[in-house]
Amino acid sequence: LTPEHLHALRLERELDERNRYLTDEEINSMLPTEGYKILEPPADYVAI
Amino acid sequence: MALRSKTSRLPPEVNRILYVKNLPFKITSEELYDIFGKFGGIRQIRLGTAADTKGTAFVVFDDIYDAKMAVDHLSGFNVLNRYLIVLYYQ
């Protein structure tokens, strides 16, 4: 394992951590619920 | 899509939740999903409805690079002659 490879692996792991799926509860715990409403995505919305 | 170089480390303040200010009060879900949706998959949008939160919103992206693209491109974006302010939510 070359140092570069190790570095890339560590970044990958860190990215996965920062990019892992957020559950509704987690989002609710992070964001205010007071005074805000969760919008319904438009019917034809598809995540690109 | 811009080339994403996986090896470049993202600055710590970059994250997937964006705090948007200076939105027109009567902006709709379709408009918000249209403006932000073209940068990537959106996990959730939370729009301010109270007196002190109107005109602001939280936009949660699925992918951190998409959120970064949105911030880089949308700051100062003109919506109904209002300039959007897009920040990373800390």
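So that the names make sense, note that chain A is the first sequence line, chain B the second, and so on, each numbered from 1. Computation of the quantities below employed the complete heavy-atom set of this structure, encompassing side-chain atoms and omitting hydrogens, waters and symmetry-equivalent molecules.
- Remark: the backbone N or O of A:Arg18 is paired with a side-chain donor or acceptor of B:Arg16 at under 3.5 angstrom.
- Across all their heavy atoms, A:Ile27 and B:Arg46 have their closest contact at CG2-NH2, 3.6 Å.
- Neither the backbone nor the side chain of B:Phe61 comes within less than 4.5 Å of any heavy atom in chain A.
- At least one donor-acceptor pair under 3.5 Å links the side chain of A:Tyr45 to the backbone N or O of B:Ile42.
- Here the shortest heavy-atom pairing between A:Tyr21 and B:Arg43 reads OH-NH2, 3.2 Å.
- In this structure, B:Ala57 and A:Tyr36 approach most closely via the heavy-atom pair CA-CE2, 4.3 Å.
- Residue B:Leu87 is grouped with residue A:Leu31 when hydrophobic side chains (ILVMFWY) are merged at heavy-atom distances under 4.5 angstrom, including chains of intermediate members.
- In the hydrophobic cluster analysis, where Ile, Leu, Val, Met, Phe, Trp and Tyr join through side-chain heavy atoms closer than 4.5 angstrom, A:Ile38 is grouped apart from B:Leu32.
- In the hydrophobic cluster analysis, where Ile, Leu, Val, Met, Phe, Trp and Tyr join through side-chain heavy atoms closer than 4.5 angstrom, B:Tyr89 is grouped apart from B:Leu23.
- Without hydrogens or angle criteria, B:Ser29 side chain to A:Leu39 main chain gives no donor-acceptor distance under 3.5 Å.
- Atoms CG and CD, from A:Leu22 and B:Gln44 in turn, are 9.5 Å apart once rounded to the nearest 0.5 Å.
- With hydrophobic clusters built from ILVMFWY side chains whose heavy atoms lie under 4.5 angstrom apart, B:Val20 does not share a cluster with B:Phe58.
- Within the 4.5 angstrom heavy-atom criterion, no atom of A:Asp44 approaches chain B.
- Rounded to the nearest 0.5 Å, atoms OH (B:Tyr65) and CG (A:Leu15) are 5.0 Å apart.
- The CD atom of A:Glu34 lies 9.5 Å from the OG1 atom of B:Thr53; values are rounded to the nearest 0.5 Å.
- Rounding to the nearest 0.5 angstrom, the gap separating the CD1 atom in B:Ile45 from the NZ atom in A:Lys37 is 10.5 Å.
- Residues B:Phe77 and B:Leu80 share a single hydrophobic cluster, defined by chaining ILVMFWY side chains whose heavy atoms lie under 4.5 Å apart.
- Heavy atoms closer than 4.5 Å to chain B are found in the side chain of A:Glu14, but not in its backbone.
- Between A:Glu40 atom CD and B:Glu30 atom CD the span is 10.5 Å, to the nearest 0.5 Å.
- When each of B:Gly48, B:Ala67, B:Ala51 is scored by its heavy-atom pairs under 4.5 Å with chain A, the top score falls to B:Gly48.
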